[in-house]
Q: 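Sharing a structure below in structure tokens format, with a few things to ask.
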Amino acid sequence: YILHEGLVGVIEDKLQETTYADIEKKKTITFSKATNSWLGITDKYWAATLIPDGKAKIDARFMASTTGNLKIYQTDYLGEQQTIAPGAAGAANTRLFAGAKEVAIVDAYEKQFNINKFDLLIDWGWFYFITKPLFWLIDWIFKFVGNFGIAILAVTVIVKLAFYPLANRSYLSMAKMKAVQPQMEEIKKRYADDTRRQQQEFMELYKREGVNPVAGCLPIMLQIPVFFALYKVIFVTIEMRHAPFFGWIRDLAAPDPTNLFNLFGLIPFDPTKIPLLGDFLHLGIWPILMGVSMFVQMKMNPEPTDPVQKQLFSWMPIIFTFMLGAFPAGLVIYWTWNNILSVAQQGLIMKKAGVKIELWDNLAGLFRKKAAT
């Protein structure tokens with residue numbers, strides 16, 4: 001779901017991607033009389049591809065076979081038959097690309113030799129229209145600052161500015177939600193034994209005061225496509241491979257190497273190697289910072305009135321902390337920085353709207369509830 005590795009090509013003007021498992025089942029996939037095509041085999045950072053002349057009609061083939069214990073995967077093509085008259089000459093031109101899938105080189109070959117959609121040799125994913133421009137922007141900033149981590153932080157600020165009008169509307173709605181909280185408490189007391197009537201009164205209140213109760217989800221929903229696009233950029237581009245940030249982050253494409261469960265290196269063992277549980281025990285400093293920043297951001301908002309939603313929102317920072325623990329460090333740094341900017345933005349908007357920022361009250365209330373329990 002994240003990255004294609006296997007047989008690949010643009011044949012009949014369409015991207016063809018076949019995994020090793022699929023070609024083992026099908027044995028052979030053929031394409032007849034295709035023009036303006038190329039085909040080959042790719043993995044995460046490297047590829048080998050055959051590039052026939054764009055005008056030539058070819059019969060292309062993906063295939064898999066077995067010789068003893070050896071599995072063989074192959075892409076090839078057959079050109080049109082040529083009849084060479086006595087004393088005359090004929091030619092068939094083919095290019096071979098074999099090497100690292102550097103974006104600038106792949107794009108340059110596509111343009112120089114007019115190779116049809118050769119940039120799709122790099123798996124940009126479903127969000128191609130976001131992913132590739134995002135890479136260009138990060139790479140352009142990198143040329144000025146010399147650090148891909150700093151470039152990611154700068155792009156985060158640019159994305160926040162781009163989505164500012166929508167996020168501003170969302171945060172204003174949440175500020176209104178905070179303002180009507182006393183009226184909501186009054187409704188809950190008045191109709192304590194009638195949940196259905198409570199919800200009806202809440203909806204009337206929202207309509208009357210111009211409040212959108214799901215507005216808090218909008219900033220998160222807006223950043224999901226950018227989140228996945230950035231994940232693709234960090235995960236698939238060789239330019240990000242072994243790109244350092246600062247301190248202990250030596251590779252933005254790899255997870256944070258520190259781990260809470262061995263006291264950040266004080267205990268000499270790797271908890272991620274524990275059978276069954278190891279995959280859930282990858283929790284470095286940056287994922288923890290991300291979880292804390294997400295928790296603070298959610299405590300800036302009014303708590304949902306529905307108990308199920310309330311529990312879900314309470315557990316969400318913890319779930320995301322563990323989920324992002326094994327993700328590339330560059331992505332976690334982006335998410336953390338984005339949360340910090342969101343908290344600052346929301347705080348300024350709430351202050352401007354004259355709504356009390358009750359972050360500390362909410363945190364204190366959380367501990368008071370625990371003590372009372």
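The shown structure was predicted, so the numbers you read here are calculated from the model rather than taken from an experiment. In what follows, residues are counted from 1 in the order of the sequence shown.
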Q: Between Thr258 (side chain) and Ile285 (backbone), is there a donor-acceptor pair under 3.5 Å?
A: yes

Q: Going by heavy atoms in the side chains, are His242 and Arg250 under 4.5 Å from each other?
A: no

Q: Do Phe245 and Ile150 pass the side-chain contact (heavy atoms from CB on, under 4.5 Å) test, and can you show the C-alpha distance, the side-chain angles, and the key distance before you say yes or no?
A: CA-CA 7 Å; Phe245 184 47; Ile150 296 295; 4.3 Å; yes

Q: Please examine the side chains of Phe118 and Thr49, heavy atoms only from C-beta on, and report whether any two atoms are closer than 4.5 Å.
A: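 Thr49 vs Phe118: side chains touch.
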
Q: Checking Glu24 against Tyr73: is there a side-chain donor and acceptor pair closer than 3.5 Å?
A: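 Distance-only check passes for Tyr73 and Glu24.
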
Q: Is any side-chain heavy atom of Phe327 closer than 4.5 Å to one of Asp256?
A: no

Q: When you measure from the side chain of Asp53 to the backbone of Asn93, do you find a donor-acceptor pair of N or O atoms at a distance under 3.5 Å?
A: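 Side chain of Asp53 to backbone of Asn93: no pair is present.
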
Q: Short question: side chain of Lys101, backbone of Val106 - any donor-acceptor pair under 3.5 Å?
A: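 Flag not set: sc Lys101 to bb Val106 has no pair under 3.5 Å.
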
Q: Using a side-chain heavy atom cutoff under 4.5 Å and only I, L, V, M, F, W and Y, what cluster partners does Leu70 have?
A: Ile72

Q: Would you give the length of the straight line joining atom CG of Leu50 to atom CZ of Arg95, rounded to the nearest 0.5 angstrom?
A: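 Leu50 atom CG to Arg95 atom CZ measures 13.0 Å (nearest 0.5 Å).
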
Q: Can you label the angle between the Tyr109 ring and the Phe113 ring as parallel, tilted or perpendicular, going by 30° and 60°?
A: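 Tyr109 and Phe113: tilted rings.
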
Q: I'd like to know if the side chain of Asn36 pairs up with that of Asp13 as donor and acceptor (distance under 3.5 Å, no hydrogens or angles considered).
A: no

Q: Applying side-chain hydrogen bond (donor to acceptor under 3.5 Å, both in side chains), name anything that partners Glu201, two or more places apart in sequence or on another chain.
A: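 With neighbours one apart ignored, the set is Arg197.
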
Q: Quick one: do Phe235 and Leu331 satisfy side-chain contact (heavy atoms from CB on, under 4.5 Å)? Show the steps, please.
A: CA-CA 9 Å; Phe235 190 75; Leu331 194 70; over 6 Å; no

Q: Where the side chain of Glu12 meets the backbone of Ala34, is there a donor-acceptor pair that is under 3.5 Å apart?
A: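 Side chain of Glu12 to backbone of Ala34, a donor-acceptor pair under 3.5 Å: no, none is there.
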
Q: Between Asp107 and Lys111, is there a side-chain N and carboxylate O pair less than 4.0 Å apart?
A: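 No, Asp107 and Lys111 are not salt-bridged.
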
Q: Ignoring hydrogens and geometry, is there a side-chain-to-backbone donor-acceptor pair from Lys232 to Ile2 under 3.5 Å?
A: yes

Q: More than 12 foreign heavy atoms under 6.0 Å from OH of Tyr45: is that the case here?
A: yes

Q: Membership question, hydrophobic clusters at under 4.5 Å side-chain separation (ILVMFWY): are Val10 and Leu78 in the same one?
A: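 No, no single cluster joins them.
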
Q: Tell me the closest heavy-atom pair linking Gly325 and Pro255, and the distance in Å.
A: O-CB, 4.0 Å

Q: Rounded at 0.5 Å granularity, tell me how far NZ in Lys160 sits from CG in Leu341.
A: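 That separation rounds to 6.5 Å.
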
Q: Would you please say whether a donor-acceptor pair under 3.5 Å links the side chains of Tyr77 and Ser37?
A: no

Q: Main chain of Gly125, side chain of His4: is a donor-acceptor contact present, judged purely on distance under 3.5 Å?
A: no

Q: Measure from the ring center of Phe62 to the ring center of Phe31 and say whether it is less than 6.0 Å.
A: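 Yes, ring centres under 6.0 Å apart.
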
Q: Please check this pair: side chain of Gln82 against backbone of Ala91, looking for a donor-acceptor N/O pair closer than 3.5 Å.
A: yes

Q: Students often mix this up, so state it plainly: with edges at 30° and 60°, are the rings of Trp124 and Phe135 parallel, tilted or perpendicular?
A: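 Because their plane-to-plane angle lies in the 30° to 60° range, the rings of Trp124 and Phe135 count as tilted.
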
Q: Check side-chain hydrogen bond (donor to acceptor under 3.5 Å, both in side chains) between Asn259 and all other residues, then give those that pass, not counting sequence neighbours.
A: none

Q: Contact between Ser293 and Val343 at the side-chain level, heavy atoms closer than 4.5 Å - yes or no?
A: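 The answer is no, as the side chains (C-beta and beyond) never meet within the 4.5 Å cut-off.
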
Q: I want to check something: taking the side chain as every heavy atom from C-beta on, are Leu39 and Leu7 in contact at a cut-off of under 4.5 Å?
A: no

Q: Side chains of Val296 and Asn339: does their closest heavy-atom pair fall under 4.5 Å?
A: no

Q: Do Tyr231 and Trp126 share a hydrophobic cluster, counting only Ile, Leu, Val, Met, Phe, Trp and Tyr and linking them when any side-chain heavy atoms are less than 4.5 Å apart?
A: no

Q: Give a yes or no answer on whether the side chain of Asp59 reaches the backbone of Ser32 with a donor-acceptor pair at less than 3.5 Å.
A: no

Q: Can you tell me how far CD of Gln183 sits from CZ of Arg190, rounded to the nearest 0.5 angstrom?
A: 9.5 Å

Q: Got a second to check how far Thr75's OG1 is from Met63's CE, nearest 0.5 Å?
A: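 Reported value, rounded in 0.5 Å steps: 10.5 Å.
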
Q: In Å and rounded to the nearest 0.5 Å, what is the CG to CD1 distance from Leu137 to Ile130?
A: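 CD1 of Ile130 is found 13.0 Å from CG of Leu137.
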
Q: Evaluate Trp46 against Ile238 for side-chain contact (heavy atoms from CB on, under 4.5 Å), listing each step before the verdict.
A: CA-CA 9 Å; Trp46 322 94; Ile238 196 170; 3.8 Å; yes

Q: With no hydrogens and no angle check, is any side-chain donor or acceptor of Glu110 less than 3.5 Å from a backbone partner on Asp119?
A: yes

Q: Please round to the nearest 0.5 Å and tell me the distance separating atom CG of Leu230 and atom CH2 of Trp335.
A: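 The CG atom of Leu230 sits 10.5 Å away from the CH2 atom of Trp335.
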
Q: Just wondering, do Ile138 and Met240 contact through their side chains at under 4.5 Å, heavy atoms?
A: yes

Q: Going by heavy atoms in the side chains, are Ile152 and Trp337 under 4.5 Å from each other?
A: no

